[in-house]
Amino acid sequence: MNSHAEATERVRPPVTLPRFGERLHDERSAALVGMALGAMFSICLATGVLSHLIQHPPGWFTWPARPAGFYRVSQGVHVTTGIALIPVVLAKLWIVYPKLFRWPPIDDVADAVERLTLLPLVGGMIFLLFSGTANVALWYPWEFSFPVAHYWATWITVGAMVAHVSAKATIIGRTVRRRQATPEATPTTTTTTTADRRSFLGAVAAASGTLAVATVGQTFRPLAAISVLGPRDPRVNVQGVPVNKAVGESSGLAEAVASPSYRLVVRGRVDQELSFSREDLLAMPQHTARLPIACVEGWSAEADWTGVRVRDLLAMAGARAGAEVGVESLQQRGSFRASVLNSKHAADRDTLLALKINGEDLHPDHGFPVRLIGPNRPGVQQTKWVAELVVR
Ligand code: HEM
């Protein structure tokens with residue numbers, strides 16, 4: 001080796017190839033994934049709270065009957081976005097996990113408080129994703145009520161997230177403003193880090209998108225064949241529409257729906273109580289509406305429903321304009337044996353006591369002899385096997 005080569009050898013810096021990933025446990029990656037997570041979480045929050053308000057309306061909230069398919073979209077978006085969140089949350093946890101093991105674990109009191117909020121934040125988020133996904137997969141490995149636990153976990157997570165985002169506001173602001181990876185990075189490491197980060201974020205986005213596409217087919221039929229993760233296959237159905245609760249699941253119900261003594265009764269705050277057999281209802285003016293069953297679990301399916309308008313029955317009974325109506329099922333027990341039609345839903349032209357689906361008599365699993373169907377309502381409020389309308 002000549003002397004020039006020796007000099008070059010002496011000054012060449014040691015070559016260290018950072019492993020893919022090490023460079024990505026940084027604040028910019030954390031902030032970018034965090035912002036995507038925050039946006040998706042906000043969509044889940046808005047659509048979830050809406051679903052809660054529709055099912056448990058406070059005095060100031062009246063859910064409109066139009067547009068007819070709004071709930072179908074909002075709850076479909078809730079479940080699909082929630083499932084698509086899973087890789088984003090995992091990516092975020094992977095980026096920041098070295099920070100959880102740093103030493104010393106806390107710097108001062110403010111730092112201790114901030115780190116404590118991570119417990120409800122991470123715990124709440126994992127609980128929401130797990131409970132939601134298990135629920136739509138009809139797997140209930142718990143004793144508690146899913147909607148109640150899911151609802152309160154939401155507010156715990158929201159509180160922790162507000163605290164977390166406030167604590168990280170400076171970093172998030174810096175990330176939004178700056179394109180540099182880290183202040184101390186050299187141009188070379190910045191370029192490689194940016195390329196690595198792009199690949200990583202691209203992989204997370206692809207995983208998230210794949211989960212979404214693999215789920216939406218439970219509603220969007222053209223994608224049904226590739227939606228392997230959608231717990232509900234719309235092609236498995238009775239009379240064109242999937243069934244969540246079959247008549248055989250409630251004791252004594254199959255006999256009650258087949259009984260010749262079946263009557264639909266209209267009572268409560270009316271001038272005249274009314275009672276109809278199914279044949280009486282079939283002899284009345286019939287109306288057909290194309291409406292979806294939009295399940296709280298995110299799937300939905302449209303059908304042509306034919307039957308008697310609820311508002312026609314209310315007018316016959318002499319109910320006052322703007323009345324609300326309780327709809328009671330033949331079921332003796334069960335959380336969804338009754339529902340309420342607010343004034344807008346009760347008066348809507350397409351709110352029906354349906355007798356037929358897609359031109360055929362209702363199958364008992366779809367609510368024979370009579371079921372409620374109305375626009376823009378969660379499936380759990382489309383009461384099957386209707387026995388009574390109680391005007392309020
Ligand atoms: C991660 C963020 C999430 C938030 C903030 C959130 C929030 C909510 C809220 C507030 C409700 C209303 C509960 C009630 O009616 O009292 C709800 C309902 C629901 N969520 Fe989520 N959720 C999230 C993720 C998920 C995921 C990942 C899934 C499923 C994959 C899911 C599935 C459901 C279902 C099926 C309901 C309807 C429950 C019912 O009415 O029976 N959620 N969600």
Side-chain angles (χ1 to χ4, degrees), residues 33-58 61 63 70-93 120-142 144-162 164-165 207-208 210-219 227-232 242 244-245 293-300 334-340 376-383:
V33 173
M35 284 190 285
L37 193 157
M40 293 168 80
F41 182 86
S42 303
I43 293 172
C44 272
L45 177 66
T47 48
V49 169
L50 180 66
S51 181
H52 177 84
L53 288 173
I54 295 168
Q55 293 181 65
H56 312 279
F61 184 85
W63 180 238
F70 191 91
Y71 183 78
R72 164 187 220 184
V73 174
S74 72
Q75 195 59 11
V77 165
H78 181 81
V79 168
T80 307
T81 312
I83 289 177
L85 245 180
I86 294 171
V88 182
V89 170
L90 291 176
K92 171 82 185 187
L93 289 174
L121 180 62
V122 177
M125 186 65 86
I126 290 173
F127 179 81
L128 285 170
L129 297 182
F130 172 74
S131 62
T133 309
N135 181 269
V136 298
L138 306 179
W139 178 45
Y140 310 109
W142 52 64
F144 52 77
S145 153
F146 163 73
V148 174
H150 195 74
Y151 179 74
W152 287 110
T154 295
W155 292 118
I156 292 169
T157 314
V158 167
M161 191 174 278
V162 169
H164 180 71
V165 171
S208 189
T210 306
L211 285 189
V213 170
T215 306
V216 289
Q218 61 177 346
T219 286
S227 284
V228 287
L229 293 180
R232 187 68 60 165
N244 245 24
K245 187 163 178 73
I293 289 277
C295 183
V296 292
E297 287 155 14
W299 63 264
S300 56
S335 326
F336 308 118
R337 60 163 302 281
S339 67
V340 174
N376 204 19
R377 293 171 69 73
V380 289
Q381 293 184 338
Q382 310 277 30
T383 308

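First listed ligand is number 1; within each ligand, the first listed atom is number 1. Atoms considered below: every heavy atom in the structure, side chains included; atoms not considered: hydrogens, waters and symmetry mates.
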Check your understanding: Is it the side chain (CB and beyond), the backbone, both or neither of Leu85 that lies under 4.0 Å from ligand 1, heavy atoms counted?
Key -> side chain

Check your understanding: Which of the atoms in ligand 1, numbered in the order shown and given with their element, are less than 4.0 Å from a heavy-atom of Gly132?
Key -> 26 (C), 28 (C), 29 (C), 30 (C), 31 (C), 32 (C)

Check your understanding: Which atoms of ligand 1 are found less than 4.0 Å from any heavy atom of Val49?
Key -> 10 (C)

Practice item. Test Ser300 against Tyr71 for side-chain hydrogen bond (donor to acceptor under 3.5 Å, both in side chains), laying out the working first. Key: CA-CA 10 Å; Ser300 56; Tyr71 183 78; over 6 Å; no

Exercise for review: Take Asn135 and Phe130, measure what side chain to side chain contact (heavy atoms under 4.5 Å, CB included) needs, and give me the verdict at the end.
Suggested key: CA-CA 8 Å; Asn135 181 269; Phe130 172 74; over 6 Å; no

Point to revise | Protein contact of atom 7 (C) of ligand 1 - nearest heavy atom, named by residue and atom, plus distance | key: Thr154 OG1, 3.2 Å

Review point. Of all the non-hydrogen atoms in the protein, which one sits nearest to atom 35 (C) of ligand 1, and at what distance?
Key: Val296 O, 3.2 Å

Review point. Which ligand 1 atoms are under 4.0 Å away from a heavy-atom of Val136?
Key: 35 (C)

Point to revise | Taking atom 3 (C) of ligand 1 as the reference point, the nearest protein heavy atom with its distance | key: Cys44 CB, 3.6 Å

**Study point:** Atom pair CG (Asn376) and CD (Gln381), whose distance is rounded to the nearest 0.5 Å
**Key:** 10.0 Å

Practice item. With rounding to the nearest 0.5 Å, note down the distance linking NZ in Lys92 to CE in Met35. Key: 9.5 Å

Check your understanding: What about His150: any of its N or O atoms under 3.5 Å from an N or O on ligand 1?
Key -> yes

Check your understanding: What distance do Arg377 atom CZ and Thr383 atom OG1 have between them, rounded to the nearest 0.5 Å?
Key -> 7.0 Å

Point to revise | Closest approach of Met161 to Leu37 (non-hydrogen atoms, all atoms of both residues) | key: CE-CD2, 3.9 Å

Review point. Hey, which atoms in ligand 1 end up nearer than 4.0 Å to a heavy atom of Leu129?
Key: 1 (C), 27 (C)

Practice item. Using the ring-ring contact (aromatic ring centres under 6.0 Å, His included) rule, pick out the option among Phe61, Tyr151, Trp63 that qualifies with His52. Key: Tyr151

Practice item. Of the side chain and backbone of Asn135, name the one, both, or neither that has a heavy atom under 4.0 Å from an atom of ligand 1. Key: side chain

Revision key, fill the gap. CD1 (Ile83) and OG1 (Thr215) are apart, to the nearest 0.5 Å, by 4.0 Å

Review point. What atoms in ligand 1 come closer than 4.0 Å to a heavy atom of Gln55?
Key: 40 (O)

Revision key, fill the gap. The closest protein heavy-atom partner of atom 30 (C) of ligand 1 is Ile83 CG1, 3.3 Å

Revision key, fill the gap. Taking only non-hydrogen atoms of Gly48 and a 4.0 Å limit, the atoms of ligand 1 in range are 8 (C), 9 (C), 10 (C), 11 (C), 12 (C), 17 (C), 43 (N)

Check your understanding: So which protein heavy atom does atom 38 (C) of ligand 1 come closest to, and at what separation?
Key -> Phe146 CE2, 3.5 Å

**Study point:** Under 4.0 Å to a heavy atom of Gln75 - the qualifying atoms of ligand 1, by number
**Key:** 19 (C), 34 (C), 36 (C), 37 (C)

**Study point:** Separation between OG of Ser51 and CD of Gln75, rounded to the nearest 0.5 Å
**Key:** 4.0 Å

Practice item. Any chance you could measure Thr157, atom OG1, to Leu121, atom CG, to the nearest 0.5 Å? Key: 7.0 Å

**Study point:** Minimum-distance protein heavy atom relative to atom 16 (O) of ligand 1
**Key:** His52 ND1, 2.6 Å

Point to revise | Residue Pro147 vicinity, atoms of ligand 1 by number, heavy atom under 4.0 Å | key: 13 (C), 16 (O), 41 (O)

Review point. Among all protein non-hydrogen atoms, which one is nearest to atom 6 (C) of ligand 1, and what is the separation to 0.1 Å?
Key: His78 CE1, 3.3 Å

Point to revise | Chi angles and distances behind the ring-ring contact (aromatic ring centres under 6.0 Å, His included) call for Trp152, Phe127 | key: CA-CA 11 Å; Trp152 287 110; Phe127 179 81; over 10 Å; no

